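Every value quoted in this text rests on a predicted model; they were computed, and no experiment measured them. Every chain is numbered from 1 and lettered A, B, ... according to where its sequence line falls, protein lines coming before strand lines.
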Protein chains: 2
Amino acid sequence: MGKQMTEMLKGTLEGIVLALLTGKAAYGYEITTLLREQGFTEIAEGTVYALLVRIEQKGLVDVEKRPSEKGPPRKVYTLNTQGEKELNEFWNTWSFLSGRIEELRKEGK
Amino acid sequence: MGKQMTEMLKGTLEGIVLALLTGKAAYGYEITTLLREQGFTEIAEGTVYALLVRIEQKGLVDVEKRPSEKGPPRKVYTLNTQGEKELNEFWNTWSFLSGRIEELRKEGK
DNA sequence: TACCGGTACCTAGTTCTACTATGTAGTGGT
DNA sequence: ACCACTACATAGTAGAACTAGGTACCGGTA
């Protein structure tokens with residue numbers, strides 16, 4: 001992965017995953033696949049699992065274990081109220097930052 | 001500073017500073033002030049100086065020392081060819097990421 | 001039976017970047 | 001003599017993504 005992208009994902013990847021979970025529960029492997037389909041082709045699998053552990057420990061998601069037809073049991077993550085709150089703050093922070101940056105771009109800077 | 005913003009600045013602050021330097025040389029204290037005026041009120045001064053050391057070592061800027069009327073000599077930074085190239089890559093990376101994220105927002109996710 | 005690919009999860013150690021906290025200096029005003 | 005403002009610098013810390021593995025379940029096939 002490009003070094004720039006790696007650094008830029010810090011602080012945004014968590015928001016991206018929370019956004020993916022909005023209105024639709026998902027498990028780790030599925031989330032990794034989803035991210036890859038959305039163009040984040042180089043996201044490391046380990047990164048996603050580590051992030052999921054983190055947001056679970058922060059209490060942003062609820063977890064349920066479900067059997068799989070094709071392999072080991074899945075850990076299905078659902079956004080809870082606190083997660084929605086965090087996602088909301090993410091959008092606020094993102095709006096501010098992207099607003100500032102787009103301003104710089106417009107100024108031809 | 002909010003923890004979210006701190007993390008989100010990783011990878012973007014460098015681009016922001018390079019953008020600020022486009023077409024206008026500037027010194028550290030000035031850049032800090034500029035950032036604060038643009039709404040990044042809580043950027044730590046030390047963060048800016050550390051970043052400037054970094055981009056100088058990466059060879060993205062040229063540096064010139066100029067006397068100041070009001071204090072110690074200033075280190076004036078100018079974007080060079082390699083810096084312009086890096087800034088260009090920054091805009092590409094940024095465009096991709098913000099495109100993906102805005103897509104998620106549109107989907108109500 | 002043995003192997004392999006796909007599914008599924010997990011983690012120790014590394015790297016990079018922003019922050020905290022603090023220090024050093026020059027200048028002008030009181 | 002002191003203080004505020006200007007101006008630069010850095011050692012140590014925290015947080016997040018990556019590297020580079022490992023474990024385990026299942027079906028197909030040689």
Asker: Return the polar atom pairs (N/O with N/O) between nucleotides 13-15 of chain C and the protein under 3.5 Å, or none.
Answerer:
none

Asker: Can you sort out the partners of Glu84(B) under side-chain contact (heavy atoms from CB on, under 4.5 Å), two or more places apart, ordered by chain and number?
Answerer: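 Counting only residues at least two positions away or on another chain, Glu84(B) forms a side-chain contact (heavy atoms from CB on, under 4.5 Å) with Leu79(B).
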Asker: Taking only residues two or more places apart in sequence, or in another chain, which ones meet Thr93(B) in a side-chain hydrogen bond (donor to acceptor under 3.5 Å, both in side chains)?
Answerer: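 Thr93(B) satisfies side-chain hydrogen bond (donor to acceptor under 3.5 Å, both in side chains) with Gln4(A) only.
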Asker: Using whole Å, report how far CG of Leu9(A) lies from C1' of dT17(C).
Answerer: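 For the pair Leu9(A) CG and dT17(C) C1', the rounded distance is 14 Å.
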Asker: Of all heavy-atom pairs between Ser68(B) and Lys70(B), which one has the smallest distance, and what is that distance?
Answerer: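 In terms of heavy atoms, the two residues are closest at OG-N, 3.0 Å.
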Asker: Can you check the Leu13(B) CG to dA18(C) P distance for me, whole Å?
Answerer: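 Distance, rounded to whole Å: 5 Å.
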Asker: My understanding is that only residues two or more places apart in sequence, or in another chain, count here; which of them pass ring-ring contact (aromatic ring centres under 6.0 Å, His included) with Phe40(A)?
Answerer: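 Counting only residues at least two positions away or on another chain, Phe40(A) forms a ring-ring contact (aromatic ring centres under 6.0 Å, His included) with Phe96(B).
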Asker: How would you list all residue pairs meeting ring-ring contact (aromatic ring centres under 6.0 Å, His included) that involve residues 44-64 of chain A, not counting sequence neighbours?
Answerer: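 ring-ring contact (aromatic ring centres under 6.0 Å, His included) check on residues 44-64 of chain A returns no pairs.
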Asker: Taking all non-hydrogen atoms of both residues, which atom of Leu104(A) and which atom of Ala19(B) are closest, and how far apart?
Answerer: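 Closest heavy-atom pair between Leu104(A) and Ala19(B): CD1-CB, 4.1 Å.
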Asker: If a pair satisfies salt bridge (charged side-chain N to carboxylate O under 4.0 Å, His left out) and one of its residues is in residues 7-23 of chain A, list it, with sequence neighbours excluded.
Answerer: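 Passing the test, one end in residues 7-23 of chain A: Glu7(A)-Lys10(A), Glu14(A)-Arg54(A), Glu14(A)-Lys58(A).
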Asker: Rounding to a whole Å, what distance do you find between Met5(A):CE and dT17(C):P?
Answerer: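 From Met5(A) CE to dT17(C) P: 15 Å.
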Asker: Whole angstrom is fine here: how far is it from NZ in Lys65(A) over to P in dA8(C)?
Answerer: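 Rounded to the whole Å, the gap is 14 Å.
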Asker: Partners of Glu37(A) by side-chain contact (heavy atoms from CB on, under 4.5 Å), sequence neighbours excluded?
Answerer: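 side-chain contact (heavy atoms from CB on, under 4.5 Å) list for Glu37(A), sorted by chain: Thr33(A), Leu34(A).
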Asker: Please check the phosphate of dC18(D) (OP1 and OP2 only) for any side-chain N or O of Thr47(A) closer than 4.0 Å.
Answerer: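 Answer yes for this pair, as a side-chain N or O of Thr47(A) is under 4.0 Å from OP1 or OP2.
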Asker: How would you summarise protein contacts on nucleotides 23-30 of chain C per nucleotide, using B for base, S for sugar-phosphate only and - for none, with heavy-atom distances below 4.0 Å?
Answerer: --BBS---
Asker: Taking only residues two or more places apart in sequence or in another chain, which ones pass side-chain contact (heavy atoms from CB on, under 4.5 Å) with Glu103(B)?
Answerer: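 Glu103(B) satisfies side-chain contact (heavy atoms from CB on, under 4.5 Å) with Arg100(B), Lys106(B), Glu107(B) only.
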Asker: As an exercise, state the distance from CE of Met5(A) to OG1 of Thr12(A), rounded to the nearest 0.5 Å.
Answerer: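 One gets 8.5 Å once the value is rounded to the nearest 0.5 Å.
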Asker: Hey, can you pull the residues of residues 49-60 of chain A with a non-hydrogen atom under 4.0 angstrom from DNA chain C?
Answerer: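 Per residue number, the list reads Tyr49(A).
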Asker: Rounded to whole Å, how long is the line connecting atom NZ of Lys3(B) with atom C1' of dA14(D)?
Answerer: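 These atoms are roughly 9 Å apart.
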Asker: Side chain of Thr6(A) only, please: which of dC9(C), dA17(D), dC19(C) is the nearest?
Answerer: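 Among the listed nucleotides, the one closest to the side chain of Thr6(A) is dA17(D).
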Asker: Could you tell me whether Gly46(A) contacts a base, only the sugar-phosphate backbone, or nothing, with contacts defined as non-hydrogen atoms closer than 4.0 Å?
Answerer: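 Gly46(A): base contact, heavy atoms under 4.0 Å.
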Asker: Measuring to OP1 and OP2 of dC8(D), would you say a side-chain N or O of Tyr29(B) lies under 4.0 angstrom away?
Answerer: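 The answer is no; no side-chain N or O of Tyr29(B) sits under 4.0 Å from OP1 or OP2.
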Asker: Excluding sequence neighbours, so at least two apart, what forms side-chain contact (heavy atoms from CB on, under 4.5 Å) with Asn88(B)?
Answerer: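 side-chain contact (heavy atoms from CB on, under 4.5 Å) check on Asn88(B) returns nothing, list empty.
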Asker: Let me have the donor-acceptor pairs involving side chains of residues 71-78 of chain B, under 3.5 Å, with sequence neighbours excluded, atom names and distances please.
Answerer:
residue  : atom : partner  : partner atom : Å
Arg74(B) : NE   : Tyr27(B) : OH           : 3.3
Arg74(B) : NH2  : Tyr27(B) : OH           : 3.3

Asker: Please report the distance, rounded to the nearest Å, between CD in Glu14(B) and P in dC16(C).
Answerer: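 To the nearest whole Å, that distance equals 12 Å.
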Asker: To the nearest Å, how far apart are Glu42(B) CD and dC19(C) P?
Answerer: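 Roughly 9 Å, once rounded to whole Å.
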Asker: Could you tell me whether the phosphate oxygens of dC9(C), OP1 or OP2, come under 4.0 Å of any side-chain nitrogen or oxygen in Tyr27(A)?
Answerer: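 Checking Tyr27(A) against dC9(C): no side-chain N or O falls below 4.0 Å of OP1 or OP2.
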Asker: Within the 4.0 Å heavy-atom criterion, would you say Gly28(A) contacts the bases, only the backbone, or no part of the nucleic acid?
Answerer: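 Result for Gly28(A) = sugar-phosphate.
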Asker: Starting from P on dA16(D), measure out to CD1 on Ile43(A) and report it in whole angstrom.
Answerer: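 The answer, rounded to whole Å, is 15 Å.
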